[in-house]
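One-based numbering, in listed order, for ligands and for the atoms of each.
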Amino acid sequence: IEETADAVAEYAARYVRRKINDFSPSEERYFVLGLPTGSTPLGMYRKLIQFHRAGTLSFKYVKTFNMDEYVGLPRDHPESYHTFMHHNLFRHIDIDPRNVHILDGNAADLKKECDGYEASIKAAGGIHLFIGGIGPDGHIAFNEPGSSLSSRTRIKTLNADTIQANARFFDNDLSKVPTQALTVGVATVMDAEEVMILITGAHKALALHKAIEEGVSHMWTVSAFQMHPTTLFIADEEATLEL
Ligand code: GLP
């Protein structure tokens, strides 16, 4: 627990830097990161960029896999997760674009795209550190309440709460928010060697309580990480109001 959202970002970025540097990645041994979108990780991304500029962190031998992407939104749409990642992280660091993986929500065969994504993660040797945010309803990536806890990368229809929460990015116009997304499954994230979940703000307090103080439930998919050997929740004071 950190006092503020900014302190959460600082802690998370330092943690990521330490993990990558301790691993000392090379051409033969890439560090594999799972990455989230959303407003929560923005502060962490800003700090990772600062570390890169200060010369204390390189992404030269890092591979990344993003959690999710909207279906049907053009790749260059300002709210696509491709645009988000490029704008908020990738264009500012020394990562090789060939090492960046983001699901293609415009693929002709979406099922094939999802199966191929799982295969690429496997081919990369699995994920060392998966970083996630959560929705106020406790969803991780786009694993909405009711998702199977053994789910893999697949197409999901977004529920009304998530569409409502994301409307702020689409001129507050519900009809503009995509209704489907491709997302890694709960089990895809559970397979990572280590998981780090960032939770900030009073509107996430109930989700944090459900995540760690009640039983594992597919209605709060983030609660699955109680079963993961090395998951770190980093929360600000506000998010702990229900603990
Ligand atoms: C979306 C994303 C999630 C993210 C969530 C919370 O649903 N698919 O990965 O965790 O938003 O976003 P925010 O961090 O803006 O609250």
**OP:** Indicate, as side chain, backbone, both or neither, the part of Ala141 found under 4.0 angstrom from ligand 1 when only non-hydrogen atoms are considered.
**Re:**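 It is the backbone that touches ligand 1; the side chain stays farther off.
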
**OP:** Could you see which bit of Thr183 sits under 4.0 Å from ligand 1, with heavy atoms only: side chain, backbone, both or neither?
**Re:**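 Looking at Thr183 and ligand 1, no heavy atom falls under 4.0 Å.
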
Just jot down the ligand 1 atoms closer than 4.0 angstrom to any heavy atom of [X], in number order.
{"X": "Tyr81", "answer": "1 (C), 2 (C), 8 (N)"}
{"X": "Phe142", "answer": "1 (C), 7 (O), 8 (N)"}
{"X": "Gly38", "answer": "12 (O), 14 (O), 15 (O)"}
{"X": "His139", "answer": "1 (C), 5 (C), 7 (O)"}
{"X": "Asp68", "answer": "2 (C), 8 (N), 9 (O)"}

Original post:
Taking all atoms of both residues into account, what is the closest heavy-atom pair of Phe233 and Ala211, and its distance?
Top reply: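 Heavy atoms only, the tightest pair is CE2-CB, 4.0 Å.
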
**OP:** Describe, in one word, how the ring planes of Tyr15 and Tyr11 are oriented to each other, choosing from parallel (under 30°), tilted (30 to 60°) and perpendicular (over 60°).
**Re:**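 Geometry flag for Tyr11 against Tyr15: parallel rings.
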
**OP:** Kindly compute the distance separating OG1 (Thr188) from NZ (Lys122), expressed to the nearest 0.5 Å.
**Re:**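 That separation rounds to 11.0 Å.
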
**OP:** Please confirm whether Pro36 comes under 4.0 Å of ligand 1, counting heavy atoms of the residue only.
**Re:**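 No, Pro36 has no heavy atoms under 4.0 Å from ligand 1.
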
**OP:** Give a yes/no on ligand 1: does Arg168 have at least one heavy atom closer than 4.0 angstrom to it?
**Re:**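 Right, Arg168 reaches ligand 1.
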
Original post:
Just one of Tyr81, Phe65, Phe90 clears the ring pair (Phe, Tyr, Trp, His ring centres under 6.0 Å) bar with His101, so which one?
Top reply: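 Single pass found, and it is Phe65.
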
Tell me, which protein residue and heavy-atom name are nearest [atom], and how many Å apart are they?
{"atom": "atom 6 (C) of ligand 1", "answer": "Ile134 O, 3.4 Å"}
{"atom": "atom 16 (O) of ligand 1", "answer": "Lys204 NZ, 2.8 Å"}
{"atom": "atom 10 (O) of ligand 1", "answer": "Gly133 C, 3.1 Å"}
{"atom": "atom 14 (O) of ligand 1", "answer": "Thr40 OG1, 2.4 Å"}

Do any N/O atoms on [X] end up under 3.5 angstrom from N/O atoms on ligand 1?
{"X": "Asn166", "answer": "no"}
{"X": "Ser39", "answer": "yes"}
{"X": "Thr37", "answer": "no"}

Original post:
Does atom CG of Leu232 have more than 12 heavy-atom neighbours, drawn from other residues, nucleotides or ligands, at distances under 6.0 Å?
Top reply: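 Yes, enclosed.
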
**OP:** List the steps, then state whether salt bridge (charged side-chain N to carboxylate O under 4.0 Å, His left out) holds for Lys47 with Asp6.
**Re:** CA-CA 10 Å; Lys47 288 181 200 292; Asp6 199 48; 3.7 Å; yes

Original post:
Would Arg152 and Asp191 satisfy salt bridge (charged side-chain N to carboxylate O under 4.0 Å, His left out), going step by step from the backbone distance to the final call?
Top reply: CA-CA 10 Å; Arg152 293 274 157 195; Asp191 276 354; 2.9 Å; yes

Subject >> Worked check of salt bridge (charged side-chain N to carboxylate O under 4.0 Å, His left out) between Glu238 and Lys204 >> reply: CA-CA 8 Å; Glu238 280 191 13; Lys204 303 275 176 79; over 6 Å; no

**OP:** Please confirm whether the backbone N or O of Phe59 pairs with a side-chain atom of Asp94, one donor and one acceptor, at under 3.5 Å?
**Re:**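 It does hold such a pair.
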
**OP:** Carefully, step by step, assess Asn166 and Tyr70 under the rule side-chain contact (heavy atoms from CB on, under 4.5 Å).
**Re:** CA-CA 11 Å; Asn166 288 351; Tyr70 291 114; 3.1 Å; yes

